[in-house]
Novice: 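Sharing a structure below in structure tokens format, with a few things to ask.
We name chains A, B, ... by the order of the sequence lines, and we start the count at 1 in each one.
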Protein chains: 2
Amino acid sequence: MNKKPNLKDVAKVAGVSAITVSRVLSNPDKVSEKLRAKVEQAVHDIGYIRNHAASALASRRSGVIAVIIPSLSNIVFNDVLQGIYSAVKQHHLQVVLGDCHYSPLEEEKLIATLLSQSPEGFILTGTDQTDYARKLLQQSGIPIVQLMELSDCPIDMNIGFSHFNAGVDITNHLLQKGYRKLGFLGARMDTRTQQRLAGFKKAIADFKQPCQSYVVTTTQSSSIRLGGQLLQAVMAESQGQCDAVFCCNDDLALGALFETKRMNLKVPADIAICGFNDLEASALVEPAITSVASPRFEMGQQAVELLMTASGQDKTHKPPIDVGYRIVERAST
Amino acid sequence: MNKKPNLKDVAKVAGVSAITVSRVLSNPDKVSEKLRAKVEQAVHDIGYIRNHAASALASRRSGVIAVIIPSLSNIVFNDVLQGIYSAVKQHHLQVVLGDCHYSPLEEEKLIATLLSQSPEGFILTGTDQTDYARKLLQQSGIPIVQLMELSDCPIDMNIGFSHFNAGVDITNHLLQKGYRKLGFLGARMDTRTQQRLAGFKKAIADFKQPCQSYVVTTTQSSSIRLGGQLLQAVMAESQGQCDAVFCCNDDLALGALFETKRMNLKVPADIAICGFNDLEASALVEPAITSVASPRFEMGQQAVELLMTASGQDKTHKPPIDVGYRIVERAST
DNA sequence: AGATAAAATGATAGCGCAACCATTTTGACT
DNA sequence: AGTCAAAATGGTTGCGCTATCATTTTATCT
């Protein structure tokens, strides 16, 4: 069995030195036209592929960036990921991706594992890392971006938007529309959902007129089906009084909407529904669902760009970047 | 600036040799209780993280597996990915993931890039790789799994199901229900969609009674919105005659269903709708949509297990593994 | 043509780790 | 206590590549 070809094998075939082959692969413009063509031909002919481990070891550049998201199944992070992948491609980087299942402890382990790849940057979701995780990250000396939400004390860089403010705004939107018996449907209850809930409560507390609130939450993970169940729960708890629900995401909102049909409730006459994240389906169901949109793809892209321009050694405090959000008002409210 | 600690630094702190530290990390049971505790303490204290590149180079084991999917945004591959990640975790492997955007050429480049990581296994989606890609993969000598569809001449291992048969079956289902003017709505038109379409045509050709078919396809990528547009197109082409549509996936089917409401068509009385992939929403809309379910998560898991048990050098022909599919009949047909 | 700078190419060393083999320590037995 | 095997530990080397510096070739000028 002829083993995998290495630099020397290519060099022999092309009739040059190994280091020249290396240069053709990394700095093509430092090599004369003639040699480069010969080398490239040889590389292609014998199907040579550079050994990344050796390259990374010798050059101290791994060419990878590490990314941790809380859930692969949540389409929200999918959008962010797509942004990350699209940006990464231009920089000729590889992504190593971890899914921490919303658990800081799993995240800590993943951070240790991914740091072993000597990534040139690290993208994290959210801001509740463990202390040891923060220590490891800081010690690594690489640039780090925390994504999705805004933090007072980011590890390094931070880009996101205020889920609290969005919760306040969407709740005020319902109040302005005249709804007074507001329900909050929450699943998973990760930090961002909790911030939305806090915003919901704040808006209600600050409202000048009498109004009622019903909060129904579960730590189960979100799904369309669960949205229907939570709607039933909030109607039971409010004895049918609830006239508007703020769902912590669009999956729940869709499920709640489908459930209203079975319960024979008219939307928005009997009950208003709003969601969060502005998924495609929300705009296309009948009635279309009011939601909160944010630039997820762009956040992913921007995170990579931030990493690439950052020095990593720069310990100065960088102000968080607020990408904002937008309430998309539709027929359901 | 104190640079990143290495094995020797840990060894010094723990008062042992470097190789002993290495063993604590890789073969803990080859080290005495006492030393192991000391070393582990030292590792934690100074926040040592093993250099993966050096480890991979020295041991010739990279601990990564490469995965290429055609699209990050398609939830179908997301399910597969989740299966892959869940299985990979138990084997202490890392995934490096590429998105080839349904392009064999992009895939070829990605394969070359990912092979440079010396993966211990490779998971590909589908069976239409370029010749050079196949050459590189074969030369690499690592185990390879092609996923999702079945192939007559797999590169190495293969696990999936027959999209052609599924297309035949779902079309027969519509014919048995008495529908005779069948539409096919197709987007993207990747190989699997084409196989479903071929199945649709075959079923119609084999049907003993007179029936009509209308095929509307686009290479645009699939979305709910597009489903509505394609439904309009097929109704226009059939001059309103079409009484059933087979949508190449559930996104289109959902869009078509939403569109029927706007067009004032009753489902399934005026028109039947069936989809493909059995997404959660399909079961929960009114009426629920008939679809084709397949074990995507399990396929992902099984792919990893296959890689782990395979030798990689075994050049014998392995029979494809057919995971099958299931037609989930619902109110829309 | 000769001098000089600039570009192209090559030789050597070392990145951090684990495989391999050598050595020391421990424990079990007579 | 003495013998031997097994377990524990350490020293040396090389994985395949690129950084660094040294050397050769080419281009540019007077």
Novice: Within the 4.0 Å heavy-atom criterion, would you say B/L7 contacts the bases, only the backbone, or no part of the nucleic acid?
Specialist: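 Result for B/L7 = sugar-phosphate.
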Novice: What is the distance, rounded to the nearest whole Å, between atom NZ of B/K8 and atom P of D/dG11?
Specialist: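 Value for this atom pair: 11 Å.
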Novice: Does the side chain of A/E107 come within less than 4.5 Å of A/L124's, by heavy atoms?
Specialist: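 The answer is yes, as the side chains (C-beta and beyond) meet within the 4.5 Å cut-off.
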Novice: In terms of the nearest nucleotide of DNA chain D, which residue is placed more toward the 5' end: B/G15 or B/L57?
Specialist: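 Comparing both residues, the 5'-ward one is B/G15.
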Novice: Round to a whole Å and report the spacing from CG of A/D9 to P of D/dC15.
Specialist: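 In whole Å, D/dC15 P and A/D9 CG are 12 Å from each other.
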Novice: Assess the residue pair B/K109 and B/E106 against the criterion (salt bridge (Lys or Arg N to Asp or Glu O under 4.0 Å)); give the C-alpha distance rounded to whole Å, side-chain angles, the decisive distance to 0.1 Å, and a yes or no.
Specialist: CA-CA 5 Å; B/K109 280 186 207 153; B/E106 266 199 64; over 6 Å; no
Novice: Hey, can you tell me if B/F77 and B/Y102 have their rings parallel, tilted or perpendicular (30° and 60° cut-offs)?
Specialist: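 The rings of B/F77 and B/Y102 stand perpendicular, inter-plane angle above 60°.
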Novice: Below 4.0 angstrom from OP1 or OP2 of D/dT9, is there any side-chain N or O of B/T20?
Specialist: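 So the side chain of B/T20 is outside the cut-off, no N or O lying under 4.0 Å from OP1 or OP2 of D/dT9.
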Novice: Output the single nucleotide from D/dG10, D/dT18, D/dG16 whose closest atom is nearest the side chain of B/V16.
Specialist: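 It is D/dG10.
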Novice: In whole Å, what is the span from the CG atom of A/N27 to the C1' atom of C/dG10?
Specialist: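 So the two atoms are 16 Å apart, to the nearest Å.
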Novice: Expressed in angstrom and rounded to an integer, what is the separation of B/I19 atom CD1 from C/dA19 atom P?
Specialist: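 Those two atoms, CD1 and P, are 8 Å apart.
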Novice: Compare side-chain N and O positions of A/Y48 against OP1 and OP2 of D/dC17 and report whether any pair is under 4.0 Å apart.
Specialist: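 Answer is yes, contact under 4.0 Å.
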Novice: Between A/S151 and A/C153 (side chain of the first, backbone of the second, donor and acceptor by atom type, cut-off under 3.5 Å), is there such a pair?
Specialist: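 Yes; at least one donor-acceptor contact below 3.5 Å.
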Novice: Could you pick out which residue, B/K34 or B/A58, lies toward the 5' side of DNA chain C when each is mapped onto its nearest nucleotide?
Specialist: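 It is B/A58 whose nearest nucleotide is closer to the 5' end.
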Novice: Please give, in whole Å, the distance from C/dG14 P to B/N51 CG?
Specialist: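 Those two atoms, CG and P, are 18 Å apart.
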Novice: Does a nitrogen or oxygen in the side chain of B/R61 sit under 4.0 Å from OP1 or OP2 of C/dA18?
Specialist: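 For C/dA18, neither OP1 nor OP2 has a side-chain N or O of B/R61 closer than 4.0 Å.
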Novice: Between P on D/dT18 and CG on A/N6, what's the gap in Å once rounded to a whole number?
Specialist: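 In whole Å, D/dT18 P and A/N6 CG are 12 Å from each other.
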Novice: Would you say B/S32 places a side-chain N or O within less than 4.0 Å of OP1 or OP2 belonging to D/dT9?
Specialist: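 So the side chain of B/S32 is within the cut-off, an N or O lying under 4.0 Å from OP1 or OP2 of D/dT9.
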Novice: OP1 or OP2 of D/dT9 less than 4.0 angstrom from a side-chain nitrogen or oxygen of B/S17, does that happen here?
Specialist: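 The answer is no; no side-chain N or O of B/S17 sits under 4.0 Å from OP1 or OP2.
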Novice: I want to check one thing: is the phosphate of C/dC17, taken as OP1 and OP2, less than 4.0 Å away from some side-chain N or O of B/S59?
Specialist: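 Result: no.
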Novice: Would one find a side-chain N or O of B/S55 under 4.0 angstrom from OP1 or OP2 of C/dG16?
Specialist: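 No, outside the criterion.
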Novice: Tell whether A/R23 reaches the base of C/dG10 with its side chain through a donor-acceptor pair below 3.5 angstrom.
Specialist: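 A donor-acceptor contact between them is present.
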Novice: Before accepting this row, confirm whether a basic side-chain N of the pair B/R192/B/D190 lies closer than 4.0 Å to the acidic partner's carboxylate O.
Specialist: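 So B/R192 pairs with B/D190 through a salt bridge.
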Novice: Calculate the interatomic distance between B/E33 atom CD and D/dA8 atom P; express it in whole Å.
Specialist: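 Result: 11 Å.
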Novice: Using atom CZ of B/R60 as one end and atom C1' of C/dC20 as the other, report the distance to the nearest whole Å.
Specialist: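 The distance from CZ of B/R60 to C1' of C/dC20 comes to 12 Å, rounded to the nearest Å.
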